[in-house]
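Below is one structure; the comments refer to it alone.
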Amino acid sequence: MHILDDLQWRGLIKQSTDIENLKEHLSSGMRTIYSGFDPTADSLHVGHLVPLLMLKRFQLAGHKPIVLVGGATGMIGDPSFKATERSLNTEKTVLDWTKKLQNQTSAFVDFNCGDNAALAVNNYDWTKSLNVISFLRDIGKHFSVNMMMNRESVKLRLERDDQGISFTEFSYTLLQGLDYKELNKQHNCTIQIGGSDQWGNIMSGVDLTRRMNNQHVHALTLPLVTKADGTKFGKTESGAVWLDPKKTSPYTFYQFWLNIEDVKVEEYLKIYTFLSHDEINAVMKEQNEAPHLRHGQKTLAEEMTRLVHGEEALNSAKSITEALFKGTLTSLSQNDIQQLKQDGMPFTFLEGNEFTLLEAITNADIAPSNNEARKLIKGNAIALNGEKITDAEYKLSKENALNGVHILKKGKKHWHMIEMES
RNA sequence: GGGGGGAUGCCCGAGUGGUUAAAGGGGGCAGACUGUAAAUCUGUUGCGUAAGCUACGUUGGUUCGAAUCCAUCUCCCCCCA
């Protein structure tokens with residue numbers, strides 16, 4: 001099967017330059033393909049995973065991926081579809097984040113497989129020595145401001161009467177355009193992929209490469225992944241779902257996928273996993289026959305957790321899930337509890353040997369204030385060691401603990417372990 | 001350089017001297033139903049047990065009383081040059 005047909009089946013193609021041409025281009029040799037990631041935070045999140053895994057898909061199909069981390073573009077800020085101007089991060093921050101993203105991205109493609117081994121680059125390398133005059137003369141001359149202003153991606157910023165756009169952000173697309181042109185020159189890169197919001201920036205590169213390198217290169221964008229309600233995918237109540245286990249624990253990560261809405265399971269299996277068509281069809285057959293068993297969600301959660309955090313972390317995540325949602329808390333052994341703690345269940349140690357429920361909740365940061373904690377307790381939202389408690393003054397001590405700890409549950413699925421002095 | 005508009009709670013947004021901890025919507029959280037799903041319905045959403053305290057860009061002022069009036073500063077937007 002041609003890689004493009006597979007991608008099409010997975011719903012991974014949104015827009016592209018002449019698709020027949022691109023298909024032929026991919027069939028007729030090993031191609032070099034790139035995608036860029038700007039350091040806008042100290043970790044990637046599940047949204048970044050789509051293009052990153054796409055690079056991997058191309059690598060598996062025999063092509064050579066380049067993972068670009070935007071040390072330079074990250075200094076400027078991409079205005080595409082952003083409603084407001086962003087404040088600039090300091091040079092030190094960007095540098096720090098750049099390093100972190102470089103480490104993260106390298107886990108998803110193979111840098112050691114011969115001819116089509118992946119390459120990691122940083123656009124800071126070819127922009128740092130650029131001087132203003134040559135940038136404006138050599139690069140800037142190829143861009144029409146009229147055209148740039150017509151871009152859908154900056155329309156919001158040009159039309160809203162309470163928002164503007166700085167020259168800094170407006171110029172962003174020139175830098176990204178330059179990246180493509182450079183990678184084409186240095187590595188004969190002929191395909192760039194990115195989210196559909198990147199179409200404009202990618203086209204800047206396609207145009208610039210044609211003008212400066214006299215090369216016709218390709219562009220391919222991926223659809224924006226959304227939730228069932230149409231909003232952006234990858235957010236939970238506590239923010240983005242990060243790939244960094246220190247920011248989003250493997251257990252939380254696993255749970256995130258396990259909680260996917262039914263109507264989205266098939267879509268995400270196709271977009272995010274490397275399961276074959278047959279495997280996905282088989283999973284969905286089971287899912288549709290018995291949706292309440294959530295075989296689809298389970299498969300998705302397993303595949304993703306294994307991919308991002310590894311087999312061991314997956315097993316931990318599964319065992320916590322098992323203990324919390326299947327068994328009864330009172331049956332947990334001392335060992336199980338140690339395991340839960342190790343596997344990343346939120347944990348707080350309290351100094352003292354007796355606390356009211358209210359104190360325990362606020363001290364463990366389960367609620368931001370006493371007021372909030374009271375509301376939760378009154379609202380029947382708190383369970384202690386498996387039993388609902390509605391008395392804020394209920395006393396927690398060593399005596400009524402489970403093997404030395406208290407396990408608090410807020411709502412349906414937020415757990416917290418509390419240990420106190422003996 | 002000149003002229004005009006604006007800054008309100010997580011976000012959008014109403015409010016133009018007291019009944020405003022601040023309408024409405026979104027989002028969040030929680031409850032019911034369920035399958036750790038979706039949809040729906042309900043409650044809640046500054047801090048404080050409470051009295052009360054702190055809040056409407058900054059600082060100061062007018063007033064018995066200000067998010068609302070005046071001055072100042074900061075920032076943003078639009079138009080003209």
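We name chains A, B, ... by the order of the sequence lines, and we start the count at 1 in each one.
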**Report entry** ring-ring contact (aromatic ring centres under 6.0 Å, His included) pairs, two or more places apart, involving residues 345-371 of chain A
**Finding:** none
Query raised in the report: If you take all heavy atoms of A/Thr98 and A/Pro39, which pair is closest and at what distance?
Result: OG1-CG, 3.5 Å
Query - Set of residues satisfying ring-ring contact (aromatic ring centres under 6.0 Å, His included) with respect to A/His48, sequence neighbours excluded - result: A/His45
Requested in this report: Could you measure between the two P atoms, the one in B/C56 and the one in B/G46, and give it in whole Å?
Outcome: 16 Å
Per-pair distances, 0.1 Å, donor-acceptor, side chain in residues 379-390 of chain A, under 3.5 Å, sequence neighbours excluded:
{"unit_1": "A/Asn385", "atom_1": "OD1", "unit_2": "A/Ile407", "atom_2": "N", "d": "2.6"}
{"unit_1": "A/Asn385", "atom_1": "ND2", "unit_2": "A/Asn400", "atom_2": "O", "d": "3.4"}
{"unit_1": "A/Asn385", "atom_1": "ND2", "unit_2": "A/His406", "atom_2": "ND1", "d": "3.1"}
{"unit_1": "A/Lys388", "atom_1": "NZ", "unit_2": "A/Asn380", "atom_2": "O", "d": "2.9"}

Query - Listed once per pair and sorted, the salt bridge (Lys or Arg N to Asp or Glu O under 4.0 Å) pairs that draw on residues 273-286 of chain A, sequence neighbours left out - result: A/Lys285-A/Glu289
Check residues 169-177 of chain A and write down every donor-acceptor pair under 3.5 Å in which the side-chain atom is one partner and the other belongs to a residue at least two apart or another chain.
{"unit_1": "A/Glu169", "atom_1": "OE1", "unit_2": "A/Arg157", "atom_2": "NH1", "d": "3.2"}
{"unit_1": "A/Glu169", "atom_1": "OE1", "unit_2": "A/Arg157", "atom_2": "NH2", "d": "3.0"}
{"unit_1": "A/Glu169", "atom_1": "OE2", "unit_2": "A/Arg86", "atom_2": "N", "d": "3.0"}
{"unit_1": "A/Ser171", "atom_1": "OG", "unit_2": "A/Phe167", "atom_2": "O", "d": "2.4"}
{"unit_1": "A/Tyr172", "atom_1": "OH", "unit_2": "A/Asp38", "atom_2": "OD2", "d": "2.5"}
{"unit_1": "A/Tyr172", "atom_1": "OH", "unit_2": "A/Gln176", "atom_2": "OE1", "d": "3.4"}
{"unit_1": "A/Thr173", "atom_1": "OG1", "unit_2": "A/Arg151", "atom_2": "NH1", "d": "3.4"}
{"unit_1": "A/Thr173", "atom_1": "OG1", "unit_2": "A/Asn201", "atom_2": "OD1", "d": "2.8"}
{"unit_1": "A/Thr173", "atom_1": "OG1", "unit_2": "A/Ser204", "atom_2": "OG", "d": "2.7"}
{"unit_1": "A/Gln176", "atom_1": "OE1", "unit_2": "A/Asn201", "atom_2": "ND2", "d": "3.4"}
{"unit_1": "A/Gln176", "atom_1": "NE2", "unit_2": "A/Gln192", "atom_2": "OE1", "d": "3.2"}
{"unit_1": "A/Gln176", "atom_1": "NE2", "unit_2": "A/Gln198", "atom_2": "OE1", "d": "3.3"}

Query raised in the report: What integer number of Å spans the C1' atoms of B/C10 and B/G27?
Result: 8 Å
Report task. Among residues two or more places apart or on two chains, list those pairs meeting ring-ring contact (aromatic ring centres under 6.0 Å, His included) that have a residue in residues 285-308 of chain A. Result -> none
Query - Separation between the P atoms of B/C47 and B/A23, rounded to whole Å - result: 15 Å
Query raised in the report: Which value, in whole Å, describes the distance between the P atoms of nucleotides B/A30 and B/U68?
Result: 37 Å
Query raised in the report: Residues in salt bridge (charged side-chain N to carboxylate O under 4.0 Å, His left out) with A/Lys264, at least two apart?
Result: A/Glu267
Report task. Provide the distance between the two P atoms, one in B/A71 and one in B/U62, to the nearest whole Å. Result -> 15 Å
Requested in this report: Determine which pairs satisfy ring-ring contact (aromatic ring centres under 6.0 Å, His included) with at least one residue from residues 299-336 of chain A, sequence neighbours left out, and list them in order.
Outcome: A/Phe253-A/His309, A/Phe325-A/Trp415
Query raised in the report: Which ring-ring contact (aromatic ring centres under 6.0 Å, His included) pairs, counting each pair once, include a residue from residues 266-290 of chain A, with sequence neighbours left out?
Result: A/Trp9-A/His277, A/Phe233-A/Tyr268, A/Phe233-A/Tyr272, A/Trp257-A/Tyr272
Query raised in the report: What interatomic distance, in whole Å, is found between C1' of B/G57 and the corresponding atom of B/C75?
Result: 8 Å
Report task. Taking atom P in both B/C29 and B/G15, compute the distance separating them and give it to the nearest angstrom. Result -> 31 Å
Requested in this report: Enumerate, in order of first residue number, the stems that involve RNA chain B, defined as 3 or more consecutive Watson-Crick or G-U wobble pairs with both distances under 3.5 Å.
Outcome: B:1-7 with B:74-80, B:10-12 with B:24-26, B:27-32 with B:40-45, B:59-61 with B:69-71
Query raised in the report: Given the P atoms of B/U40 and B/A67, what is the spacing between them in whole Å?
Result: 38 Å
Query raised in the report: Are any non-hydrogen side-chain atoms of A/Leu12 and A/Met54 less than 4.5 angstrom apart?
Result: yes
Kindly give the atom pairs (protein nitrogen or oxygen, nucleotide nitrogen or oxygen) under 3.5 Å for nucleotides 46-51 of chain B.
{"unit_1": "B/C47", "atom_1": "OP1", "unit_2": "A/Ser369", "atom_2": "OG", "d": "3.4"}
{"unit_1": "B/G48", "atom_1": "OP1", "unit_2": "A/Asn370", "atom_2": "N", "d": "3.0"}
{"unit_1": "B/G48", "atom_1": "OP2", "unit_2": "A/Ser369", "atom_2": "OG", "d": "3.1"}
{"unit_1": "B/G48", "atom_1": "OP2", "unit_2": "A/Asn371", "atom_2": "N", "d": "3.0"}
{"unit_1": "B/G48", "atom_1": "N7", "unit_2": "A/Asn371", "atom_2": "ND2", "d": "3.1"}
{"unit_1": "B/U49", "atom_1": "OP1", "unit_2": "A/Arg374", "atom_2": "NH2", "d": "2.8"}
{"unit_1": "B/U49", "atom_1": "O4'", "unit_2": "A/Arg374", "atom_2": "NH2", "d": "3.4"}

Query raised in the report: Just by protein heavy atoms under 4.0 Å, how would nucleotides 31-39 of chain B read 5' to 3' in B, S and -?
Result: S-BBBBBS-
